[in-house]
Amino acid sequence: MEYLEGWIANPRRKPLILRGARQVGKTYLIDKLGQSSFKYYLKANPERNPELKSVFEQNNPQIIINELSAIYNVPVIECETLIFIDEIQSLPEAIIALRYFYEDMPGLHIVAAGSLLDHTLNEIQYSMPVGRLEFAYLYPMNFPEFLIANGQEALYNYISLFDFDKLFSKAIHKKLVGWLRLYFFIGGMPEAVKAYVETQNLLEVEKIQQSILTSFKYDFAKYGSRKEQEYLNECLEYAGGNIGKKVKYSNINKNAHSRDLKEALIKLQLSRIIHLVYKTGSSKVPINQYQDKNIFKLLFLDIGLACNLAKIKLNEIQDIVTDFEGILAEQFIGQELISGFEPFEDAGLFYWLREKRGSGSEVDFLFQIGNHIFPIEVKAGKTGSLKSLHVYLAEKKQNKAVRFNLDLPSFGKDLTAKTNLNMENSSFEFDLYSLPLYLAAFIRKIVK
C-alpha cells in the first residue's frame, strides 16, 4: 500500500501493472486504494465483460475512457479517478493500449492486474509497450505481516528493531518460535490468515488452502492439451514434496520427455505458483553471471499451501516433528527473502552447487545485499554442520556468510574454519551472521 500510494503521488508515474499469483490480494489492494484515495473509482473486468474487447481495439485513449465512463457510469477526471482493469490477461489489446495512456494522458491514474498475466506478457512480448509501463509484484504475507495480522504488534516491533548490540530476550525468542511454527502450517495467503485470525480454527484454514490449490488446478484447463494438463498436475504435486531439491525429471514422470516437464515447470513459474531457484557460480555481482538455466531447485508460492500438498493435517501440528521440518525451513527462508525485494523488482533467487564425486557441496541460497553476495545456510534446529558453507567460502575466497536456525542471534567475527579443498588442507577466517529463522525478512537491514 505504501508503494501504491507513492505511485499515485509520483508525477513521472506510468500505467501500473500489478503482478502476482492467484489470491495473493491484488484486487483487494487496488479496491482499497480506489475507494480511499480517489473521488471516483472505475473498475473494469474484461473476463466478466467480454464486450470490452471492442473498446480497447482502438488506439485513442480519449475514446477508450469516454466509452468506459459511459459503460460504468463513472466520471473519468485526471487526478480524481482511478481506472482499474482487473484480469487484464484475458484482453491483450488492453495491455497494448496502455502505452497510449502514458503518451497522451500521463495525468490519468490507470492500473491493471491479473493472476495469469505473465503467460499473456510472455506471448505478446514483441508488441509490448516497452518503457511505457511499470510493474509491481505482490507475494503472500511474510512472517512479520503475519504477526501484525494476529495482533502481535509488540513482537513485530521487537524484531523490527533488532540490533546485535542488544541482548535478545530468551522469553520473546520462545514466543516467536511458537508463532513461527504456526506460520509454517498456515502460511501467508491472505484468506487463510484471515480465517485463522477470525476463527482460530485450523480446519477452516485447511479448507481454504485446499480451495486455493483446486483453483490453481482449474486454471490448468487453459494450458493446452489434456497431456499438458497432466504434466502440470504432476509437476504441482512434485513441487509440494520436493522443495529445495535439485529437479530430476525422472522423479516427476520417468515416461515423459524432459522437455515437456520443463515446459510445465516454466508454466507453473509464469503462474507464480512456484519459484525456480537457479544454480549459479557467482561470488561477485552480477549474481546471475554464471547461472545454469538447466540446473535448478523449487520453492512453492506459499509454505502453508506446500504443507497442504504434502497432506499434513493442521489439526495435529503440535505433534508434527518430521524430516519435513528441514524442507519447510528452506521454503520459509526463500519465501521471506523474496518478500524482501522492492515491489518494483521481480524477485529471483539462486543457490550454489558443487557436484564432485565424494566431495559434493550445496549452499542453500546465494543472496545479494548491496553489491555483495552472501552465502546462506538454513538449519531447522539449533545445530548443524557448515561444511558446504566453508567449501564455498574457501573456493570463492569470501569471508562473510549467513546462517539461519532456531538458536538465539549471534555475530561471529574472525571465526576459523578448515577445508580439504582440492586435496589441500587450508584454514581461513570469516564472519558469520547467525540469525533465528524469524528474522529473515530483515536480513538486508541487519547486514547493512
Side-chain angles (χ1 to χ4, degrees), residues 2 137 139 142-145 147 155-169 172-173 176-177 180 275 277-278 280-289 291 299 329-352 362-380 382 384 386 388-417 428-448:
E2 288 174 3
Y137 300 87
Y139 301 100
N142 62 16
F143 181 64
E145 291 167 336
L147 288 177
L155 286 179
Y156 167 79
N157 291 333
Y158 190 89
I159 59 175
S160 68
L161 297 173
F162 168 77
D163 188 327
F164 274 116
D165 293 332
K166 298 175 184 175
L167 187 66
F168 202 94
S169 163
I172 291 177
H173 170 75
L176 282 163
V177 169
L180 179 71
H275 301 279
V277 183
Y278 289 102
T280 181
S282 298
S283 58
K284 294 181 172 64
V285 293
I287 193 169
N288 59 353
Q289 185 175 193
Q291 72 173 318
L299 290 177
E330 185 167 340
Q331 165 69 31
F332 173 79
I333 293 300
Q335 198 169 326
E336 295 293 286
L337 294 178
I338 286 169
S339 79
F341 280 79
E342 294 290 346
F344 57 83
E345 294 180 294
D346 193 1
L349 294 179
F350 301 89
Y351 79 116
W352 179 74
E362 179 181 323
V363 172
D364 295 319
F365 298 105
L366 295 185
F367 193 64
Q368 183 173 337
I369 301 175
N371 285 321
H372 300 279
I373 308 300
F374 287 80
I376 294 178
E377 194 75 11
V378 181
K379 303 296 181 185
K382 292 184 178 181
L386 297 177
S388 292
L389 199 64
H390 295 158
V391 172
Y392 174 86
L393 292 169
E395 182 176 291
K396 303 297 182 181
K397 297 180 170 54
Q398 300 294 302
N399 63 356
K400 293 185 187 298
V402 177
R403 172 181 61 193
F404 286 108
N405 62 10
L406 278 182
D407 207 353
L408 289 163
S410 64
F411 177 70
K413 187 165 180 61
D414 299 330
L415 301 177
T416 302
F428 61 94
E429 291 184 341
F430 71 103
D431 297 342
L432 181 66
Y433 300 82
S434 186
L435 299 166
L437 295 164
Y438 52 73
L439 284 177
F442 302 103
I443 181 62
R444 293 178 192 267
K445 177 183 172 184
I446 290 168
V447 168
K448 286 180 179 178

Under the rule for salt bridge (Lys or Arg N to Asp or Glu O under 4.0 Å), what residues qualify as partners of [X], not counting sequence neighbours?
X	result
Lys400	Asp431
Glu145	none
Asp346	Arg272

Of the non-hydrogen atoms in [X] and [Y], which two are nearest, and what is the gap between them?
X	Y	value
Ser283	Gln398	O-OE1, 3.8 Å
Gly281	Lys396	O-NZ, 2.8 Å
Ile333	Ala440	CD1-CB, 3.6 Å
Phe341	Gly348	CZ-O, 3.6 Å
Pro409	Leu435	CB-CD2, 4.3 Å

Please examine the side chains of [Y] and [X], heavy atoms only from C-beta on, and report whether any two atoms are closer than 4.5 Å.
X	Y	result
Phe430	His390	yes
Leu437	Phe332	yes
Thr280	Asn288	no

What residues form a side-chain contact (heavy atoms from CB on, under 4.5 Å) with Glu2, not counting sequence neighbours? none

Restricting to ring pair (Phe, Tyr, Trp, His ring centres under 6.0 Å), what partner residues turn up for [X], sequence neighbours left out?
X	result
Tyr392	Trp352
Tyr438	His173
Phe350	none

Glu362 (side chain) donor-acceptor with Ser388 (main chain) under 3.5 angstrom: no

Going by the salt bridge (Lys or Arg N to Asp or Glu O under 4.0 Å) test, which pairs reach into residues 437-448, not counting sequence neighbours? none

Using atom types as modelled, flag every donor-acceptor pair under 3.5 Å from a side chain in residues 158-168 to any protein atom, sequence neighbours excluded.
residue, atom, partner, partner atom, Å
Tyr158, OH, Ser169, N, 3.0
Ser160, OG, Tyr156, O, 3.2
Ser160, OG, Asn157, O, 3.0
Asp163, OD1, Asp165, N, 2.9

Chi angles and distances behind the side-chain contact (heavy atoms from CB on, under 4.5 Å) call for Leu349, Ile338: CA-CA 8 Å; Leu349 294 179; Ile338 286 169; 3.7 Å; yes

Contacts of Ser434 meeting side chain to side chain donor-acceptor pair (under 3.5 Å) (sequence neighbours excluded), chain-then-number -> Arg403

Can you name the side chain to side chain donor-acceptor pair (under 3.5 Å) partners of Asn405, sequence neighbours left out? none

Enumerate, atom names and distances included, each donor-acceptor pair closer than 3.5 Å involving a side-chain atom of residues 363-380, sequence neighbours excluded.
residue, atom, partner, partner atom, Å
Asp364, OD2, Val378, N, 2.7
Gln368, NE2, Gly370, O, 3.0
Lys379, NZ, Ser385, O, 2.9

Is the distance from the ring center of Phe411 to that of Tyr433 below 6.0 Å? yes

Separation of [Y] [atom2] from [X] [atom1] (nearest 0.5 Å):
X	Y	atom1	atom2	answer
Leu155	Leu176	CG	CG	5.0 Å
Phe404	Glu336	CZ	CD	9.0 Å
Leu432	Leu389	CG	CG	7.0 Å

When the ring planes of Tyr139 and His275 are compared, do they come out parallel, tilted or perpendicular, using 30° and 60° as the limits? tilted

